[in-house]
Number of protein chains: 2
Amino acid sequence: MSTAEETTGGEVEPWEEVTPDAARRLLVAAVEAFAERGYHATTTRDIAGRAGMSPAALYIHYKTKEELLHRISRIGHDRALDILRTAARGEGSARERLADAVSSFVRWHAGRRTTARVVQYELDALGPEARAEIVALRRQVDAEVRGIIEDGVASGEFDVLDVKGTTLAVLSLCIDVARWFDVNGPRTPEEVGALYADLVLRMVGAEPARPQDGAPAYR
Amino acid sequence: MSTAEETTGGEVEPWEEVTPDAARRLLVAAVEAFAERGYHATTTRDIAGRAGMSPAALYIHYKTKEELLHRISRIGHDRALDILRTAARGEGSARERLADAVSSFVRWHAGRRTTARVVQYELDALGPEARAEIVALRRQVDAEVRGIIEDGVASGEFDVLDVKGTTLAVLSLCIDVARWFDVNGPRTPEEVGALYADLVLRMVGAEPARPQDGAPAYR
DNA sequence: GCCGACGGTGAGCGAGCGCTTAGCGTAGCC
DNA sequence: GGCTACGCTAAGCGCTCGCTCACCGTCGGC
């Protein structure tokens, strides 16, 4: 919860780093289209149309349709890694850092679901060299989570038999949020983040957290 | 693990119900192609080629490419539901039935990964009416798992605050196996199934299993 | 031996794809 | 005002897509 400005509500639009304004509009349009229909089912005409431009305008700012996906995937993975690093390297016990990592990672997957969907599910649409770059980032993501769990095992806070397998399961659980989360559904990203942090603490054998009196308690 | 014949090793090929032999070959080819590259990136020429036929042969057995996906999705969801029903309606405590359900469901997602990938991730490529049919099956899948968890809560075996949310998380965890499982990776489907059954029992607050003597046994 | 049914092929249709190119309007500098 | 640089468009190229159609070989019934 240290990363308050990164929650969903009044979040900073994460595409401000994409500098010519027209290029950013095209990229945002591509994120929406890719998330909605998938990379291969999205046409360059659709992307340009959503950005209010003619089909040819896309090629002034991006060499190919795949370069668009690559930029999106790269920026998205940087963001995801940043979120986990902030939590993993914060102060506090392994328990607190794991809960923080899971809840903020889940909040991102739920609140920025369109981006997360593209980032997590359109990986094999990239060419070999671009995919290799992204896979390297994903290994760093895995390492951050594994690091927290190893800390917790070393300090005796966690009880985990298979650290690598549990790391995989924790990340898997968080990532799949991007598949099923519904913006118009009954749960807010914050609620899902809190629920998942609790479930993950149970998975690693940490003592359950029920600290607050009168805690919200999802019905 | 009552469903011994359904494990991965010498499993029954689940497409025997697809009756003209050529139609089955086409369908199996389509499953492989869809799993590898996604529905939209797969061409009818590729499917027919994998089945050793000319592109036109596909249309003798299926009206459209989408009908192929529909048949695959329908049969796959029937199978997944059958696996969960067998576990959910078996004898034994809620603890045993939940462990059985998770481990067999996970074994299916890992061992029949190509099928599971198509079934779980190509849902929105279906048209509205076909998708509605499949969504109804998915609601039944959800109900089976929720039923076991409710039983466990009622009997005091489980400690769960948010039954619907936990059900969602359990299914989410199992389904995502189809995304990351690698046939050439270090884990067998059976190992992942056992690991995940243990993790899920922890998630619902059931006493850990620890069959081996000399196990650490926290609390 | 002839015939119809059936499962298959080769060629190709209209459409839509990713992407290119020639040219245009405008803003900024002199 | 004259000129260049730049962002953008209209038109369209070459290609591949899902799908169709005219035709063909084989095989069981008579």
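Being a predicted model, the structure only gives us computed values, none of them experimental.
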Chemist: So does Glu66(B) get a backbone contact from the side chain of His70(B), meaning a donor-acceptor N/O pair under 3.5 Å?
Modeler: no
Chemist: Roughly, in whole Å, what's the span from NE2 in His40(B) to C1' in dC17(C)?
Modeler: 14 Å
Chemist: Under 3.5 Å, is there any donor-acceptor pair linking the side chain of Arg45(A) to the base of dG16(C)?
Modeler: no
Chemist: Within residues 58-73 of chain B, find the residues that approach DNA chain D with a heavy atom at under 4.0 Å, and present them sorted by residue number.
Modeler: Tyr59(B), Thr64(B), Lys65(B)
Chemist: To the nearest 0.5 Å, tell me how far Arg97(B) CZ sits from Leu84(B) CG.
Modeler: 12.5 Å
Chemist: Tell me what Thr43(B) touches on the nucleic acid: a base, only sugar-phosphate, or nothing, going by heavy atoms under 4.0 Å.
Modeler: sugar-phosphate
Chemist: Nearest whole angstrom, please: distance from the C1' of dC17(C) to the CZ of Arg37(A).
Modeler: 14 Å
Chemist: Could you state the CE-C1' distance from Met53(B) to dC6(C), rounded to the nearest angstrom?
Modeler: 13 Å
Chemist: For dG18(D), does OP1 or OP2 lie under 4.0 Å from any side-chain N or O of Thr44(B)?
Modeler: yes
Chemist: If you define the side chain from C-beta out and look only at heavy atoms, does anything of Tyr39(B) sit under 4.5 Å from His40(A)?
Modeler: no
Chemist: Has the side chain of Gln140(A) got a donor or acceptor atom that lies under 3.5 Å from a matching backbone atom of Leu137(A)?
Modeler: no
Chemist: Asp46(B) versus Thr43(B): any side-chain heavy-atom pair under 4.5 Å?
Modeler: yes
Chemist: Between Arg25(A) and Ala51(A) (side chain of the first, backbone of the second, donor and acceptor by atom type, cut-off under 3.5 Å), is there such a pair?
Modeler: yes
